[in-house]
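Count residues from 1 along the sequence. Whatever order the structure lists ligands and atoms in, that order sets their numbers, starting from 1. Values below: every heavy atom of this structure, side chains too, minus hydrogens, waters and symmetry copies.
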Amino acid sequence: MRIEAGATTDVGRVREGNEDSFLAADPLYAVADGMGGHRGGEVASRLALETLDALFRRSRGTLADQIREANLAVFERSVLDRKVAGMGTTLTAAAIEQDRLRLVHVGDSRAYLLRGEALRRLTEDHTLVHEMVERGEITQREAEVHPHRSVLTRALGTEPDVAVDEHAVELRDGDRLLLCTDGLTGMLPDERIREILTEEADPQGAADRLVAEANGEGGIDNITAMVLDVRASASTGPRLDTETLEGEPAAGLRPREPRRRWGRALAWVAGVTLAAVLALTGIRLYLDAQWYVGVSGGHVSVFRGIPVKVIGLRLHSVVEVTEVPARDALALAHFGELPEGIPAESREGAEDIVDQIRADLAAIQEIGNLGDGGTP
Ligand code: MG
């Protein structure tokens with residue numbers, strides 16, 4: 001089989017930056033929806049796809065292994081660089097091998113298969129509301145409009161390890177695949193998506209129309225749509241078509257560039273230099289300016305210093321113990337590294353993290369109440 005691809009990503013009508021990324025490097029296609037505020041989301045989605053792309057090209061392990069390595073790459077970056085601490089991303093990737101589709105998936109981006117006029121969802125959302133639907137606590141329709149529908153139970157890069165969903169689908173000539181982020185599915189019901197995919201023959205045209213309609217419905221999130229048309233190979237001989245496509249993005253697509261290697265090298269040099277200067281000008285001063293959120297006495301707490309002990313010597317002190325039980329916060333997808341300490345830029349930054357934990361817990365509480373008490 002060969003693939004004709006079309007893809008569009010758009011910032012939407014409300015967000016300031018686009019934290020979605022996509023990868024179109026035949027035979028590997030993927031979308032990723034980053035999260036983690038400001039820079040974090042953009043870095044997470046791009047880094048995940050760059051890592052996956054590089055590992056896939058070197059044929060290192062299975063596709064699921066490659067996703068787990070990408071997870072570790074994002075996690076390690078978030079630990080090393082406090083500007084992107086706590087970042088994460090969804091990732092839905094499709095690799096086409098002859099007439100077989102291999103799909104790997106983490107988060108709430110989605111893959112769909114249009115065969116004939118029937119649209120089938122191939123992935124399951126890793127969200128709290130999806131779990132509520134599975135347990136019969138709310139309906140699918142309620143989940144689709146739920147104010148907290150984007151609270152994830154699984155994301156890439158928030159923990160050192162991640163569970164990856166894997167699927168395999170036998171492809172037929174004429175099949176059409178859609179990979180998309182929740183900025184599309186949050187705006188358009190599946191039936192509307194099916195209609196557009198059925199009506200618009202050109203894959204790029206279909207991707208553009210999906211994004212335009214999602215914007216028309218409000219565009220409250222970044223929107224990414226990738227449409228992949230499966231065609232029987234023209235030749236029955238050696239798979240020359242695949243050979244020639246290998247390594248080149250399909251026409252009209254924007255590959256993720258290996259950007260700013262020099263910038264990165266400089267950032268590392270600057271980081272190492274900064275560390276040396278700090279050591280010289282006094283570790284105490286440095287420690288006094290460091291903040292993180294961790295656990296003290298079983299509660300989420302704000303610390304000054306860094307979360308390590310050197311030969312029994314503590315390099316931190318507790319500044320505030322909150323009322324939030326650490327056990328509750330650990331259940332949230334983004335705060336699993338709490339026991340190791342989540343770095344913050346300042347005391348205010350640390351308070352912001354605590355506020356975020358409170359807000360997420362309140363959101364879960366609210367969902368729980370809805371589930372217990374019927375529907376509003
Ligand atoms: Mg999104």
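- Taking backbone and side chain together, D108 holds no N, O or S atom under 2.8 Å from the Mg ion (ligand 1).
- Remark: the D65 side chain and the T62 side chain contain an N/O donor-acceptor pair separated by less than 3.5 Å.
- Restricting D33 to its N, O or S atoms, the one at the least distance from the Mg ion (ligand 1) is OD2.
- Checked by atom type, the side-chain pair H126/T153 shows no donor-acceptor distance below 3.5 Å.
- Side-chain contact check for T90 and S109: at least one donor-acceptor pair (N or O, by modelled atom type) lies under 3.5 Å.
- Between the Mg ion (ligand 1) and E19 there is no N/O/S contact shorter than 2.8 Å.
- The N, O or S atom of D182 lying closest to the Mg ion (ligand 1) is OD1.
- Classification of the Y292-F303 ring pair by plane angle, with boundaries at 30° and 60°, yields parallel.
- For the Mg ion (ligand 1), the set of nearby N, O or S atoms under 2.8 Å includes none belonging to D20.
- The Mg ion (ligand 1) lies closest to atom OD2 when only the N/O/S atoms of D221 are considered.
- No chain of hydrophobic side-chain contacts below 4.5 Å, direct or via other Ile, Leu, Val, Met, Phe, Trp or Tyr residues, connects V164 to M35.
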